[in-house]
K.L.:
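Got a structure for you, written out below as structure tokens; questions coming shortly.
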Amino acid sequence: MTETAITRWAVLIEYDGTDFVGWQRQKDGVSVQTLVEAAASRIASGHPVSSITAGRTDSGVHAAGLVVHLDFPAHTNFRSHQVRDGLSFHLKPHRVVVLDAAPVSLDWSARFSATWRRYRYTIINRPSRPALMEGRAWHVKRPISIELMQEGANRMLGTHDFSSFRASACQANSPIRTLDELSIRRDGELVFIETQARSFLHHQVRNMVGSLMMVGTKQWAPDRITQALEARDRRAAGQTAPSEGLCFLAVGYPDDPFVRKN
């Protein structure tokens, strides 16, 4: 589809990642990308529709506000509610829903126009295994000190070489990233870790959480986080936290397409 023959839409989606191999299309298993593009093709009278996302989530990772842009044939003449509701209808019975849709210019990109991404990781901290939170949180039995976790987290704020916290399969050209926020809070049995940056390395958030859990449960001193950063070696950091506790919360743009202008 040539650039002049398309019309671009930004869509805001949420999904339960439990049953998916992640956002990106894979050889085996069901991906969110495959489902969204198939639903888009249905409302475009069978024409193929391509997608670009603001962030690729791994298998089992959830999303509360992932942004995707879709390139429809230029002859389509949709209104926002038609794109939103039409996609959501054709995504049934999968647990993927379109929350909003807005037309954007062809030079706008869900990925490259983004200025920040935000994630939340959830831990359920109690002796008993979760029932209602199964598939939504990492179950940690040991008592957790969020004060110690925050002390460790503060060492990762700012610009660092995050080689110790990237997956071996990470394809990023540079391990340098800048964390704008890494905050810890507790609500009863639940511990929430929220982080925001322009971009993240593959598995960076889950690897940071795995190390912070070691600090919070007093298996590591907070200084161990600094040592891990300085080592620039994945073996120096903690385990990769399970995927089910991670949720892509939001993505920011200088000109948010979903903010309605008066």
Side-chain angles (χ1 to χ4, degrees), residues 1-3 5-6 8-73 83 86-99 101 109-112 114 117 119 121 134-138 162-163 165-175 177 199-210 234-235 239-249 251:
M1 195 181 299
T2 64
E3 191 171 276
I6 63 175
R8 181 164 293 175
W9 282 80
V11 295
L12 181 67
I13 65 175
E14 70 173 23
Y15 55 83
D16 181 331
T18 303
D19 297 327
F20 302 126
V21 295
W23 162 263
Q24 193 171 13
R25 184 184 294 103
Q26 306 288 335
K27 287 183 179 180
D28 300 309
V30 180
S31 73
V32 182
Q33 181 180 27
T34 299
L35 295 176
V36 169
E37 289 183 355
S41 179
R42 293 287 295 276
I43 68 172
S45 304
H47 293 280
V49 177
S50 62
S51 67
I52 296 291
T53 180
R56 297 175 181 176
T57 58
D58 291 326
S59 176
V61 175
H62 313 295
L66 184 64
V67 176
V68 179
H69 79 241
L70 299 169
D71 287 339
F72 288 95
V83 175
L87 290 174
S88 290
F89 176 82
H90 290 296
L91 284 164
K92 295 177 181 178
H94 302 283
R95 299 180 73 175
V96 184
V97 174
V98 176
L99 303 174
S109 167
R111 179 183 177 189
F112 295 111
R117 282 111 173 138
Y119 287 88
Y121 196 95
E134 184 178 6
R136 303 282 184 167
W138 182 15
F162 281 95
S163 292
F165 298 90
R166 71 188 298 190
S168 58
C170 182
Q171 298 178 350
N173 292 327
S174 170
R177 290 294 184 272
S199 62
F200 293 89
L201 301 166
H202 190 197
H203 284 178
Q204 181 181 344
V205 177
R206 290 166 59 192
N207 290 338
M208 293 191 305
V209 170
R234 180 66 190 92
R235 294 168 295 181
Q239 72 179 90
T240 303
S243 60
E244 61 262 25
L246 186 60
C247 182
F248 188 109
L249 278 188
V251 53

K.L.:
Indicate the atoms forming the closest heavy-atom contact of P73 with H47, along with that distance.
P.N.:
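Heavy atoms only, the tightest pair is CG-CB, 3.5 Å.
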
K.L.:
What pairs meet the salt bridge (Lys or Arg N to Asp or Glu O under 4.0 Å) rule with one or both residues in residues 52-67, with sequence neighbours excluded?
P.N.:
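Checked against salt bridge (Lys or Arg N to Asp or Glu O under 4.0 Å) - neighbours excluded - the pairs reaching residues 52-67 are D58-R206.
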
K.L.:
Name all residues meeting the side-chain contact (heavy atoms from CB on, under 4.5 Å) criterion together with R234; count only those two or more places apart in sequence or in a different chain, and write none if there are none.
P.N.:
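In terms of side-chain contact (heavy atoms from CB on, under 4.5 Å), with neighbours along the sequence ignored, R234 is linked to N207, A237, T240.
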
K.L.:
If every non-hydrogen atom of H69 is compared with every non-hydrogen atom of S109, which pair is closest and at what distance?
P.N.:
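Result for this residue pair: ND1-CA, 3.6 Å.
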
K.L.:
Could you tell me whether a side-chain N or O of S243 sits under 3.5 Å from a main-chain N or O of S59, the two making a donor and an acceptor?
P.N.:
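Yes, S243 side chain to S59 backbone: donor-acceptor pair under 3.5 Å.
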
K.L.:
If the condition is side-chain contact (heavy atoms from CB on, under 4.5 Å), which residues does T34 pass it with, not counting sequence neighbours?
P.N.:
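R25, S31.
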
K.L.:
Tell me the closest heavy-atom pair linking F72 and A40, and the distance in Å.
P.N.:
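Residues F72 and A40, closest heavy atoms: CE2-O, 3.5 Å.
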
K.L.:
Below 4.5 Å, heavy atoms only, C-beta onward: do H94 and F20 meet side chain to side chain?
P.N.:
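Yes, close enough: below the 4.5 Å cut-off.
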
K.L.:
Please tell me if the side chains of L70 and V36 come closer than 4.5 Å, counting only heavy atoms from C-beta onward.
P.N.:
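Contact flag for L70/V36 side chains = yes.
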
K.L.:
For T53, what residues pass the side-chain hydrogen bond (donor to acceptor under 3.5 Å, both in side chains) criterion, not counting sequence neighbours?
P.N.:
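By the side-chain hydrogen bond (donor to acceptor under 3.5 Å, both in side chains) rule, T53 matches no residue at all.
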
K.L.:
Checking side chain to side chain contact (heavy atoms under 4.5 Å, CB included) against V96, which of L91, L66, L87 comes through?
P.N.:
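It is L91; the other options fail the test.
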
K.L.:
Mind listing the closest non-hydrogen atom pair of A110 and I52 along with its distance?
P.N.:
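Looking at all heavy atoms of both residues, the shortest contact is CB-O, 3.5 Å.
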
K.L.:
Side chains of V21 and D28: does their closest heavy-atom pair fall under 4.5 Å?
P.N.:
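In short, these two side chains do not touch, never coming nearer than 4.5 Å.
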
K.L.:
Restricting to non-hydrogen atoms, name the atom on G135 and the atom on T18 that form the minimum distance, rounded to 0.1 Å.
P.N.:
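Result for this residue pair: O-OG1, 4.2 Å.
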
K.L.:
Hey, does M208 have a side-chain heavy atom less than 4.5 Å from the side chain of F162?
P.N.:
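SC-SC contact between F162 and M208 confirmed.
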
K.L.:
Going by the rule side-chain contact (heavy atoms from CB on, under 4.5 Å), which residues pair with A172 if we only count those two or more places apart in sequence or in a different chain?
P.N.:
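Expected list: R166, C170, R177, L201.
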
K.L.:
side-chain hydrogen bond (donor to acceptor under 3.5 Å, both in side chains) with S41: which residues, sequence neighbours excluded?
P.N.:
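Applying side-chain hydrogen bond (donor to acceptor under 3.5 Å, both in side chains) to S41 gives none.
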
K.L.:
Is the shortest heavy-atom distance from the side chain of W23 to the side chain of I13 under 4.5 Å?
P.N.:
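W23 reaches I13 side chain to side chain.
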
K.L.:
W138 versus V209: any side-chain heavy-atom pair under 4.5 Å?
P.N.:
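Yes, at least one pair of side-chain atoms sits under 4.5 Å.
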
K.L.:
Ignoring hydrogens, what is the shortest heavy-atom contact between H90 and A39? Give both atom names and the distance.
P.N.:
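That closest heavy-atom pairing would be CB-CB, 3.8 Å.
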
K.L.:
Heavy-atom count around E134 CD within 6.0 Å, excluding the residue itself: above 12?
P.N.:
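Not buried by this count: 12 neighbours or fewer within 6.0 Å.
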
K.L.:
Mind checking what makes side-chain contact (heavy atoms from CB on, under 4.5 Å) contact with R136, not counting sequence neighbours?
P.N.:
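Per chain and number, R136 pairs via side-chain contact (heavy atoms from CB on, under 4.5 Å) with D16, H62, R95, M133.
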
K.L.:
If we ignore hydrogens and angles and just use 3.5 Å, is the side chain of R117 paired with the main-chain N or O of A54 as donor and acceptor?
P.N.:
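Such a contact is found between R117 side chain and A54 backbone.
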
K.L.:
Of all residues at least two apart in sequence or in a different chain, which pass the side-chain hydrogen bond (donor to acceptor under 3.5 Å, both in side chains) check with Y121?
P.N.:
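Y121: no side-chain hydrogen bond (donor to acceptor under 3.5 Å, both in side chains) contacts found.
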
K.L.:
Of all residues at least two apart in sequence or in a different chain, which pass the ring-ring contact (aromatic ring centres under 6.0 Å, His included) check with Y119?
P.N.:
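Once residues adjacent in sequence are excluded, the partners of Y119 under the ring-ring contact (aromatic ring centres under 6.0 Å, His included) criterion are F200, F248.
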
